[in-house]
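Working notes, beginning with the structure itself.
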Amino acid sequence: MNGRAFSLRRRLAGMLTAGVLTLWLVATALSWVLVRHELNEAYDESLAQAAHRLLALGAAGPAGREPTTVGAGEGLLTYRVRDAAGRVVLSSRNARDTGFPAPLRPGFVTTASHRVFTERDADTGLLIQVAEPLAHRREAAMETTLSLLLPLPFLVPLSLLGVWWLVRRTTAPVLSLRGEIERRAPGDLAPLTASGLPAEIRPLADAVNRLMARLRDALAAERSFTANSAHELRTPIAGALGHTQRLLADTGDPAVRERARHIEAGLRHLARVSEKLMQLARAEAGVFAADTLQPLDDVLALVVDEFSRHAGSGDRVTLTVPDGVRLAGALDPDGFAILLRNLIENALRHSPADSRVAVVVDGARRLRVINDSPVIPATTLRQLRARFRRGTTRPGGTGLGLAIVEAIAEGAGASVTLNSPAPGRADGVEAVVTLPDGTHPA
């Protein structure tokens, strides 16, 4: 199932920051509960002490004394002192406006709006009730809790930055491994650097190295078999071709001559296939990459001149080089010659017999090979790069030309693009080769 890739660093940073924030909120909620409990105990103790002092004041004063205010301030504590007969002998100034729904028995009682403490003096029989607003307690608890929440606007961005720095530092070896893989050329199967990786990632790098080692051995065995087979076939093919040609020269029987011509054509095709297989093996081995720019003008002219002298192609191949432009690239001249020869052969084979193939130098490192052809769909162009994939215009090809071109370009860091129709035309095929500049290793 394909989905959009996610960033492990972002996910870790987000989850860790969310975890820190959640823990802080949980700690704040627990603090709210603990603070309320501790504040209630402290306020209850203060309420009881105030009641004892007021009860002593009521016992010392005359009965029926005018209401007076004693305490932290009007509206904070409300009290009322009664004698043994239940008459009010002392009360706060706002006691008349505040009801005391609590029963007249010693102890604490919580009403809808107040916390009430009741105490009776055993010697005098006086009874006091002191009430404190619950809103005062809630306000104190809320202010304490808000003081814990106040750092959150500063804590969240600081936590995010700290977590991001920590995650980035922790995942740096993983990012280094990713960068090493991304910078590699498609054919580079050298072992990955596993040193410095965390224990959770190192087995993955080791497994990739083992896989690349097996793949490297398999490719080496395949290339060796291809090259050796092609090399060993050259001599017997040449011998069989010589005997066939001798038979053609000596026999006068038309039937024998016809069969000998078929044998000669088959042997020539087999010789071409063996030659292409050797080129492909060398190309896939990456032996054509160069560390510095190589002048390729002379090689270009030599290959084009070779085709102009070749029977069957005549003057079909034309070369256009702008004045003052010198073709160069970080590519071995022998590899460039093989690449260009295969492109021109492919263009000649898959174009009308009376058409021309244009080789155009389009810059110091850019080359174009253009031939006449019906428009080829993009999917077919991609398929033609595969081994032994032939076009349908003319039989006799090996199906390896474009595969060799692709292998040489990939091994040397060049690029080959196929376009159909050719730019500026309604038909045709164009192969664009961009030579490597040597600044990036293949």
Side-chain angles (χ1 to χ4, degrees), residues 18-156 159:
V20 171
L21 181 60
T22 301
L23 290 176
W24 188 276
L25 293 176
V26 171
T28 302
L30 292 176
S31 299
W32 160 264
V33 175
L34 294 175
V35 165
R36 288 192 61 182
H37 177 72
E38 295 298 328
L39 284 178
N40 284 333
E41 287 186 350
Y43 279 117
D44 285 349
E45 184 177 356
S46 299
L47 195 62
Q49 292 177 0
H52 292 153
R53 290 195 296 269
L54 291 172
L55 188 60
L57 181 62
R65 182 175 179 178
E66 290 296 326
T68 183
T69 300
V70 179
E74 186 175 352
L76 183 61
L77 290 180
T78 303
Y79 62 91
R80 185 176 292 169
V81 180
R82 300 174 182 271
D83 59 12
R87 294 189 303 271
V88 176
V89 297
L90 187 65
S91 65
S92 61
R93 186 171 289 123
N94 58 355
R96 296 189 182 94
D97 303 327
T98 303
F100 284 86
L104 299 177
R105 66 171 183 269
F108 287 96
V109 175
T110 302
T111 67
S113 59
H114 288 76
R115 178 73 167 172
V116 182
F117 177 72
T118 304
E119 181 70 9
R120 182 182 294 277
D121 188 282
D123 297 332
T124 62
L126 295 177
L127 182 139
I128 185 172
Q129 284 187 311
V130 184
E132 180 186 14
L134 293 177
H136 174 63
R137 298 189 175 197
R138 286 195 294 267
E139 181 181 0
M142 184 63 68
E143 289 177 353
T144 304
T145 305
L146 287 177
S147 66
L148 296 175
L149 295 175
L150 187 61
L152 277 183
F154 306 97
L155 178 66
V156 172
S159 298

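Please read these numbers as outputs of a predicted model, since none were measured by experiment.
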_Smallest separation among heavy atoms of L77 and A50, with atom names_ = CD1-CB, 4.1 Å
*asked:* Working note: Y43 + R115, criterion side chain to side chain contact (heavy atoms under 4.5 Å, CB included); need CA distance, chi angles, decisive distance, verdict.
replied: CA-CA 9 Å; Y43 279 117; R115 178 73 167 172; over 6 Å; no
*Where the side chain of R120 meets the backbone of R105, is there a donor-acceptor pair that is under 3.5 Å apart?*
no
_Please report the interatomic distance CD(E41) to CD(E45), rounded to the nearest 0.5 Å._
9.0 Å
*side chain to side chain contact (heavy atoms under 4.5 Å, CB included) between R137 and D44: does it pass, once the steps are laid out?*
CA-CA 10 Å; R137 298 189 175 197; D44 285 349; 2.7 Å; yes
*asked:* For H114 versus A131, what's the shortest heavy-atom pair and its separation?
replied: CD2-CB, 3.9 Å
*If you measure from OG1 on T144 to CZ on R36, what distance do you get to the nearest 0.5 Å?*
12.0 Å
*Distance-minimising heavy-atom pair for L39 and A140*: CD1-C, 3.9 Å
*Which atoms form the tightest heavy-atom contact between L134 and A112, and what is the distance?*
CD1-O, 4.0 Å
*asked:* Which heavy atom of D121 sits nearest to which heavy atom of T124, and what is that distance?
replied: OD1-N, 2.9 Å
*L127 CG to R82 CZ distance, which is reported to the nearest 0.5 Å*: 8.0 Å
*E139 side, atom CD; M142 side, atom CE - distance, nearest 0.5 Å*: 10.0 Å
_Can you classify the ring geometry of F108 versus F117 as parallel (below 30°), tilted (30 to 60°) or perpendicular (above 60°)?_
tilted
*With a 4.5 Å heavy-atom cut-off, do T111 and V116 have their side chains touching?*
yes
